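Okay, so here's the structure we're looking at.
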Amino acid sequence: MAFHINRRPRRLRQSPAIRAIVEETTLSVNDFIYPMFVVGGQNVVSEVRSMPGIFRYSLDRLLDELAVVTDLGIKAIDLFPNYPEREKDKTASESYREGTFYLEALSKIKARYPQLCVMTDVAMDPYSSDGHDGLVETRPDGSMEIRNDETLEILGKMSVAQAQAGADFIGPSDMMDGRVGYLRQTLDAAGYPQVGIVSYTAKYASAFYGPFRDALGSAPKFGDKKTYQMNPANSREALIEASLDYAEGADMLMVKPALAYLDIIKLLNDNFDVPIAAYNVSGEYAMIKAAAQNGWLDGTRAMLEVLTSIKRAGATVILSYFAKEFAMLR
Ligand code: PBG
């Protein structure tokens, strides 16, 4: 042989044992928050058409499903409500009215599964007749504006109602300015200093939310969300959002979606010393499911590969519809 290869990286790939001991990133069921959908009524289990394996449950069936989920070792869920169109209005008043099925679900879940960490969504869209995350006002010239500060008041009432129902963490997902500070002050003043805030810090105006909006019937009735959600082209802006949320008291900073934004996950993880969460959103789930159903790729391997990439990029917490499927592999 004319040459000598001194460093041979393949030595560390020779056997499953060697590969296992040098593995840098290992997923655990402890990494996950499992997003789930609750709907009114009884004995309802309806699959989301664009999210095979993901269901909307009425509370009775959700409580049963949570026995399975918690037995699998999943420690946290993020609960989203699916409201009928007729209960929506301009001010999302159903989001903080006492005794709604969503608030009832939160308190029943915490009563039955006190160990389970329950996170909520704070945004107007599931309850808004306009399908927007903020209050929509029509300007004299007929154009529409999403009102920032007026929205905060509604989000504040929603947060207190959810805290009162037993939420461990609220997840403001609306991208209004100043919301983390406003909600922190509001929760503290209402006597809930222990309720945490997982802020949707860098939430992009993404095409990957499509299946989620199907699940909740929450697509905007007009326009898009680009005046509040971030431009996918920007990363420095994510640092500004993160600095604000951090200063305003967010307990975790979230990047959403995850896969097209792995650089943003790394950026926030490199610059902030609170846990970074990443939301592996509905469209990212649907892509893999659809391809797997067509026999175009191995769904389980693709799932593990993308989840690993999210953790490798720097996410400590992963919100994923794959959480249950992942837990079932162990
Ligand atoms: C809305 C909200 C959205 C998601 C979580 N909260 C959708 C949106 O902003 O339109 C998306 C989650 C997913 O796609 O899985 N406040």
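We're numbering straight along the sequence, starting at 1. This is a predicted model, so every value here is computed, not measured. Numbering of ligands and ligand atoms starts at 1, following listing order.
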Problem - D31 (side chain) donor-acceptor with L27 (main chain) under 3.5 angstrom - result: no

Handout entry: Centroid-centroid distance, F55 to F37, less than 6.0 Å
Key = no

Practice task
Assign the ring pair F272 / Y246 to parallel, tilted or perpendicular, where the plane angle (0 to 90°) is split at 30° and 60°.
Solution key: tilted

Handout entry: ligand 1 versus S282: contacting region, heavy-atom distance under 4.0 Å
Key = both

Exercise for the section: Check whether the side chains of N231 and K226 place a donor and an acceptor atom closer than 3.5 Å, and report yes or no. Expected result: no

Problem - Atom indices of ligand 1 within 4.0 angstrom of K256 heavy atoms, with elements - result: 2 (C), 3 (C), 4 (C), 5 (C), 6 (N), 11 (C), 12 (C)

Handout entry: K225, any N or O under 3.5 Å of ligand 1 N or O
Key = yes

Exercise for the section: Under 4.0 Å, heavy atoms only, figure out whether ligand 1 is touched by the backbone of D125, its side chain, both or neither. Expected result: side chain

Exercise for the section: Indicate the ring-plane relationship of F80 and F212, choosing parallel, tilted or perpendicular according to the 30° and 60° boundaries. Expected result: perpendicular

Handout entry: atom 2 (C) of ligand 1: nearest protein contact (heavy atom, Å)
Key = K203 NZ, 3.2 Å

Practice task
Give the atoms of ligand 1, by number and element, whose distance to some non-hydrogen atom of A123 is under 4.0 Å.
Solution key: 16 (N)

Problem - Residue-ligand contact Y321/ligand 1, heavy atom below 4.0 Å - result: yes

Fill in the blank from the handout: ligand 1 atoms nearer than 4.0 angstrom to some heavy atom of Y279 are 12 (C), 15 (O)

Handout entry: Distance from atom 16 (N) of ligand 1 to nearest protein heavy atom, with residue and atom
Key = S173 OG, 2.8 Å

Fill in the blank from the handout: Contact region, D121 to ligand 1, non-hydrogen atoms below 4.0 Å, reads side chain

Completion exercise
Of L62, V45, L59, N82, the one forming a side chain to side chain contact (heavy atoms under 4.5 Å, CB included) with V39 is N82

Handout entry: From Y200, F208, Y204, F212 - option closest to atom 3 (C) of ligand 1 by heavy atom
Key = F212

Exercise for the section: Would you confirm whether D125, through its side chain, and H132, through its main-chain N or O, come within 3.5 Å as a donor-acceptor pair? Expected result: no

Handout entry: SB check E305 R312 (cutoff 4.0 Å)
Key = no

